[in-house]
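Only this structure's heavy atoms are used, side chains among them; waters, hydrogens and symmetry mates stay out. Everything numeric here is computed off the predicted structure, so don't read it as measured data.
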Amino acid sequence: EVQLVESGGGLVQAGGSLRLSCAASGFNFDDYAIGWFRQAPGKEREGVSCISSSDGTTYYTDSVKGRFTISSDNAKNTVYLQMNSLKPEDTAVYYCAAVHSIMILRTKRCGEFYDYWGQGTQVTVSS
């Protein structure tokens, strides 16, 4: 059974930091890319960042560049999203998702069509 389990969300003041984790199981992690997405109330889901577990290639949406860092621990089948200098507009439910790495390496972007999704973790940034 495929599982993606997010953790690490919470309430933080603006300027603070959080580290999200996405623990994956049930598929060959080394062949997949993991993406982080977020959805704020009343807004469409937005791609935040993604990483190819096969070669470490990463992509970020412009609004988080320089503040968020995605990394992968292939030994633990876990991807992390370190979020620094958080802003109130980062408030959202954050989801991780998995797709074969070739999908992001070929397009050179994170894309939107992923095979597996987690349940999400809430991140709230207070002003």
Chi angles and distances behind the side-chain contact (heavy atoms from CB on, under 4.5 Å) call for Phe113, Met103: CA-CA 9 Å; Phe113 300 103; Met103 297 300 291; over 6 Å; no

Test side-chain contact (heavy atoms from CB on, under 4.5 Å) applied to Asn77 - qualifying residues, sequence neighbours left out: Phe29

Listed partners of Ser63 passing side-chain contact (heavy atoms from CB on, under 4.5 Å), at least two apart: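 With neighbours one apart ignored, the set is Arg38, Glu46, Thr61.
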
Please round to the nearest 0.5 Å and tell me the distance separating atom [atom1] of [X] and atom [atom2] of [Y].
| X | Y | atom1 | atom2 | answer |
| --- | --- | --- | --- | --- |
| Phe27 | Glu1 | CZ | CD | 12.5 Å |
| Ser127 | Lys87 | OG | NZ | 14.0 Å |
| Ile34 | Ser52 | CD1 | OG | 10.0 Å |
| Tyr32 | Ile104 | OH | CD1 | 13.0 Å |
| Gln122 | Leu11 | CD | CG | 9.5 Å |

Same apolar cluster (I L V M F W Y, side chains within < 4.5 Å links), [X]/[Y]:
| X | Y | answer |
| --- | --- | --- |
| Leu20 | Val64 | yes |
| Val12 | Met83 | yes |
| Val48 | Tyr95 | no |
| Leu86 | Trp36 | yes |
| Tyr114 | Val5 | no |

Check: Gln39 side chain, Ala92 main-chain N or O, donor-acceptor pair, under 3.5 Å: no

Side-chain donor or acceptor of Tyr60 paired with backbone N/O of Ile70 under 3.5 Å: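 At least one qualifying donor-acceptor pair exists.
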
So which atom in [X] and which in [Y] form the shortest heavy-atom distance, rounded to 0.1 Å?
| X | Y | result |
| --- | --- | --- |
| Thr91 | Ala40 | O-CB, 3.6 Å |
| Ser17 | Asn84 | OG-OD1, 2.9 Å |
| Leu18 | Gly8 | CD2-O, 3.8 Å |
| Val93 | Gly120 | CG1-CA, 3.9 Å |
| Leu105 | Ser54 | CD1-OG, 4.0 Å |

Disulfide bond (SG atoms under 2.5 Å apart) partners of residues 81-110, not counting sequence neighbours, each pair once: Cys22-Cys96, Cys50-Cys110

With sequence neighbours excluded, give me every salt bridge (Lys or Arg N to Asp or Glu O under 4.0 Å) pair touching [range].
| range | value |
| --- | --- |
| residues 16-32 | none |
| residues 56-74 | Asp62-Lys65, Arg67-Asp90 |
| residues 103-125 | none |

Aromatic ring pairing Phe37/Trp117, orientation class (parallel under 30°, perpendicular over 60°, tilted between): tilted

Aromatic ring pairing Tyr94/Phe68, orientation class (parallel under 30°, perpendicular over 60°, tilted between): tilted

